[in-house]
Protein chains: 2
Amino acid sequence: MKLSVKSDYAARAVIGLAKHFPTGAALKVEELANESGTPANYLVQILIELKSRNIVKSVRGKEGGYLLARPPGEISLGDVLRCVHGRVFDPPALHDPHCPSELRAAWNKLQTALDETADGITFQHLLDEGADKAKMYYI
Amino acid sequence: MKLSVKSDYAARAVIGLAKHFPTGAALKVEELANESGTPANYLVQILIELKSRNIVKSVRGKEGGYLLARPPGEISLGDVLRCVHGRVFDPPALHDPHCPSELRAAWNKLQTALDETADGITFQHLLDEGADKAKMYYI
DNA sequence: CCCGACGTGAAGCTTTCTGTTAAAAGCGAC
DNA sequence: GTCGCTTTTAACAGAAAGCTTCACGTCGGG
């Protein structure tokens, strides 16, 4: 089972915005695309979805662009994942009466495990990890 | 992110075989398909994959069919999932150098969470749950 | 007004998923 | 051996989803 590239792009974009969050300035789509190595035209669509979920916000006109709607500590990987796809781990069995209930329960167990893990990872954590990594190179 | 119907079918098939495991008799593909509500022609392909991973085994000829290769307690949902798809939660970032390492670590964390949960659920557990459910109706 | 940026929808392409079909091969019974 | 039953394997096709690009609409500021 493949995690879609879209989620990866979305997460990278939020990381990129999180790094610039302290400056308070908006980041243009193209800059963000270059920085995170994602196709700009696709990134736009993802950013719009992220905006509708109140994860990022946008500024129009010259000097416009995107910035985080909330501090990185209040945005979890689960938020981004659920924004990009619907639910993480959507069970196909929901609408199939042939699926035994015990199996349905098992799928739900997997889903909650995933959700809880993803919700436990905030982008502040990811920033800190990245900083630690950079420091280790410095030493 | 959608869990594929294939995994659902595979799990249902193994549950069906697990129920018949005590009898020691082989179950024909068509019987299994009827019982688990899966398209027989598609189920065949899934069963072959399950066989190659030593989850089920087959008997040819008249009175032939499929049966579990191991007792239900030794088969986990993770086994079936990994058989049907490659890895559960394959991160697309693996081959993309632009993906920051901290994000890669996060994807791995999600993957291991999922794997551990799925490996913790054996089909014996599922059978017991189903039996409990039946008993509750009985009361 | 005009430029530069976001916003939106649609189109094309590729890949994966799902399901079907048909032919090959093994096993047991007569 | 041959026949009927089953699994096995390969090939195929339609449907759906994912990815990407493009073109045009919209808004804000100089």
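So you know, we letter chains A, B, ... as the sequences are listed, proteins then strands, and number each from 1. For the numbers below, each heavy atom of this structure counts, side chains included, while hydrogens, waters and symmetry mates do not.
At least one side-chain heavy atom of A/Ile75 sits less than 4.5 Å from a side-chain heavy atom of A/Phe123. By the 4.5 Å heavy-atom criterion applied to side chains, A/Glu49 and A/Val80 are not counted as neighbours.
Contact annotation for A/Val44: base contact, defined as any heavy-atom pair under 4.0 Å involving a base atom. Counting non-hydrogen atoms under 4.0 angstrom, A/Lys51 reaches the backbone sugars and phosphates but no base.
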Short heteroatom pairs, N/O only, protein and nucleotides 20-22 of chain C, under 3.5 Å:
unit_1: C/dT20; atom_1: O4; unit_2: B/Gln45; atom_2: NE2; d: 2.6

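Put simply, OG on B/Ser76 and CD1 on B/Ile55 are 8.0 Å apart, with the number rounded to the nearest 0.5 Å. The line from NZ of B/Lys2 to NE2 of A/His85 is 11.0 Å long, rounded to the nearest 0.5 Å.
With hydrophobic clusters built from ILVMFWY side chains whose heavy atoms lie under 4.5 angstrom apart, A/Leu67 does not share a cluster with A/Leu126.
Between the C1' atom of C/dT16 and the CG atom of A/Leu3 lies a distance of 15 Å, rounded to the nearest Å. With rounding to whole Å, B/Leu47 atom CG is found 12 Å from D/dT9 atom P. Rounded to an integer number of Å, the gap from NE2 of A/His85 to P of D/dA17 is 12 Å. Rounded to whole angstrom, the span from the CD atom of A/Glu63 across to the C1' atom of C/dC3 amounts to 13 Å. Rounding to whole angstrom units, CG of residue B/Asp8 and P of C/dG19 are separated by 11 Å. Atom CD in A/Glu49 sits about 14 Å away from atom C1' in C/dG9, given to the nearest Å. Protein atom CZ of B/Arg12 is 14 Å distant from nucleotide atom C1' of C/dT18, rounded to whole Å. When rounded to the nearest whole Å, the span between CD of B/Glu31 and C1' of D/dT6 equals 12 Å.
Side-chain nitrogen and oxygen atoms of A/Ser58 include none within less than 4.0 Å of the OP1 or OP2 phosphate oxygen of C/dA5. Between C/dA5 and A/Lys28, a contact under 4.0 Å exists linking OP1 or OP2 to a side-chain N or O. At C/dG19, one or more side-chain N or O atoms of B/Tyr9 fall inside 4.0 Å of OP1 or OP2 (strictly under the cut-off).
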Can you check each nucleotide of nucleotides 23-30 of chain C against protein heavy atoms at under 4.0 Å and return B for base, S for sugar-phosphate only, - for none, in 5' to 3' order? --BBB---
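Here A/Lys28 does not pair with A/Glu35 in a salt bridge; the nearest charged N to carboxylate O distance is not below 4.0 Å. We find that B/Asp8 and A/Arg104 are not joined by a salt bridge, their nearest charged nitrogen and carboxylate oxygen being 4.0 Å or further apart.
For the residue pair A/Asp115/A/Thr112, the side-chain donor-acceptor check at 3.5 Å is not satisfied. For the residue pair B/Glu30 and B/Asn34, no side-chain donor N or O sits within less than 3.5 Å of a side-chain acceptor on the partner.
Ranking C/dT8, C/dT18, D/dT8 by closeness to the A/Ile48 side chain, first place goes to C/dT8. When distances run from any side-chain atom of A/Lys6 to the nucleotides D/dC19, C/dT18, D/dT7, the shortest one goes to D/dC19.
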